[in-house]
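As structure tokens, the structure follows; a few thoughts come after it.
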Amino acid sequence: MTDTEISPASDPAPAAPPATEAAPAGKPQLRRRLLTILAVAVGIAVAVWAVFHFVLATPEEETDDAYVAGDVVQITARDPGTITALHADNTQSVKAGDLLVELDPLTADVALQSAAAELARAVRATRANFSTVDTADAAVMQARAQLSAARNDYQRRRGAAAEGAVSGEELAHAGDALRIAQTNLTAAQSQRTQARSAVAGTDIATNPEVIAAAAAYRRAAITKSHMRIVAPIDGVIGQRTAQVGQQIQAGAPLMAVVPLTRLWVDANFRETQLKDLRIGQPATVVADMYGGDVIYHGKVAGLGAGSGNAFALLPPQNASGNWIKIVQRVPVRIALETKELIANPLRVGLSVAATVDTSDHRGHRIAAVASVPYTGQTSDGSDPAIEARIRQIIAANR
């Protein structure tokens, strides 16, 4: 055997395959195991969600067709005039009683002075009427005395005429004088009745002419008070259209006051969502303005009397021909808590999402009897200063 020959025993052993070639065999099993675990986790999650959503979850109705609403109190002119000053502008806050607009008061001042003079004249005229009654009483007493004298004179002359001491002509004159005295008494009594009818059952302050003049003075004083327009409630100014120097007529809108602490939500629920809605059910509201970071709490205050289509300017005529059923929506008012509106103010017209907890069905389907939302408003005619001025004018002329 030569040096180049190699014996079978000396052949080298075949090389072992790399270790990385054995791994692919185990990958499918690992993938299947991971997918199985994931499927089980998803199934458990779905089951838990279904239990909480359909079994344990609180029944509720929600809608994003909801908007913030509130009172928009229009400030209007009660009497014509010229604007001389503006004391509030858009976006500014005002309190009830704050001065908003001033009108030129000169014409109102002249009318008030004229009414005061007319009241004084009425008091003096009434006082004269009471004096007329005294004069009429005196005239009646005088006529009675004259009648008594004429009657006595006639009786004496008639007796004397029977004895022939008085002529018939003289007796006739005495009879005429008696009849004239009787007529004068009747006329005096009629004049007294007429004089008493003007003041009967009254004094100077309660006489009809004085009352009418006092009412005219009140009207003039009220007109003068309308030259200063004040805010009726607390709120924020909006829609200001008034300008200094503008000549306005009665009823002209000048601006609006919106009380941002008395807002509510008009949530338009589908008619299929109204079955379980009741008055007083709790609700939560999320505004697009703040997002989910701020949640407002409130209660269902009432359901609308009809759908939006029913109160539309041009309501649908479903019997006119082609007809397609459309699910209607009914506005549901949700009252919000004042303290939350103060902490995070809203604005009228903002979009919100409303959710109502319908688990409690003990409430009513129709709201309670109407109540007064704003109280404490007083009329300008009840101003004590006006009444005091009227009493002063009457006292000075009586």
Side-chain angles (χ1 to χ4, degrees), residues 77-82 102-155 173-229 249-250 378-398:
R78 297 186 182 183
D79 292 284
T82 301
E102 286 188 82
L103 303 180
D104 189 353
L106 293 180
T107 303
D109 288 340
V110 172
L112 184 61
Q113 293 173 2
S114 177
E118 183 63 23
L119 176 58
R121 188 205 63 77
V123 172
R124 291 172 180 267
T126 302
R127 188 182 64 183
N129 290 338
F130 278 99
S131 299
T132 302
V133 173
D134 296 336
T135 303
D137 289 339
V140 169
M141 294 178 62
Q142 182 180 4
R144 284 178 177 172
Q146 292 175 351
L147 176 61
S148 178
R151 182 180 292 110
N152 293 334
D153 184 62
Y154 177 77
Q155 293 294 339
H173 287 316
D176 293 338
L178 178 60
R179 287 189 291 271
I180 292 174
Q182 181 65 49
T183 303
N184 289 339
L185 176 60
T186 303
Q189 290 175 337
S190 298
Q191 291 177 356
R192 183 180 64 177
T193 302
Q194 182 179 2
R196 286 181 175 180
S197 65
V199 297
T202 66
D203 56 16
I204 292 180
T206 59
N207 187 268
E209 292 186 3
V210 176
I211 292 176
Y217 182 87
R218 290 189 188 94
R219 182 166 53 251
I222 292 172
T223 300
K224 177 176 168 52
S225 70
H226 292 169
M227 300 298 103
R228 293 171 56 88
I229 303 175
Q249 299 299 321
T378 58
S379 173
D380 296 332
S382 60
D383 189 353
I386 297 176
E387 301 302 322
R389 178 56 181 161
I390 291 174
R391 292 193 296 268
Q392 181 181 2
I393 294 174
I394 294 175
N397 292 275
R398 66 185 309 169

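Residue numbers count from 1 along this sequence. Quick caveat: nothing in here was measured; it's all calculated off a predicted structure.
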Only counting residues at least two apart or in another chain, list the ones meeting side-chain contact (heavy atoms from CB on, under 4.5 Å) with [X].
{"X": "Glu209", "value": "Ala125, Thr126, Asn207"}
{"X": "Thr206", "value": "Thr202, Asp203"}
{"X": "Ala181", "value": "Leu147, Ala150"}

Check whether any side-chain heavy atom of [X] sits under 4.5 Å from a side-chain heavy atom of [Y], and report yes or no.
{"X": "Asp79", "Y": "Met227", "result": "yes"}
{"X": "Val210", "Y": "Ile394", "result": "yes"}
{"X": "Val123", "Y": "Arg127", "result": "no"}
{"X": "Asp109", "Y": "Lys224", "result": "yes"}

Where is the tightest heavy-atom contact between Tyr217 and Ala115, given as atom of each residue plus distance?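 Distance-wise, the nearest heavy atoms are CA-CB, 3.6 Å.
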Looking only at non-hydrogen atoms, find the nearest pair between Ala214 and Leu119 and report the distance. N-CD1, 3.6 Å
Side chain to side chain donor-acceptor pair (under 3.5 Å) involving [X] - partner list, sequence neighbours excluded:
{"X": "Arg124", "result": "Asn397"}
{"X": "Gln392", "result": "Arg389"}
{"X": "Arg144", "result": "none"}

Could you go through Leu185 and Val140, starting from their C-alpha distance and side-chain angles, then the distance that decides it, and tell me whether this counts as side-chain contact (heavy atoms from CB on, under 4.5 Å)? CA-CA 6 Å; Leu185 176 60; Val140 169; 4.1 Å; yes
Supply the atom-to-atom distance Arg218 CZ to Ser225 OG, rounded to the nearest 0.5 angstrom. 13.5 Å
Under 3.5 Å, is there a donor-acceptor pair between the side chain of Ser114 and the main chain of Val110?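 Such a contact is absent between Ser114 side chain and Val110 backbone.
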Keeping Ser148 on the side-chain end and Ala145 on the backbone end, is there a donor-acceptor pair under 3.5 Å?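 The answer is no, because no donor-acceptor pair under 3.5 Å joins these two groups.
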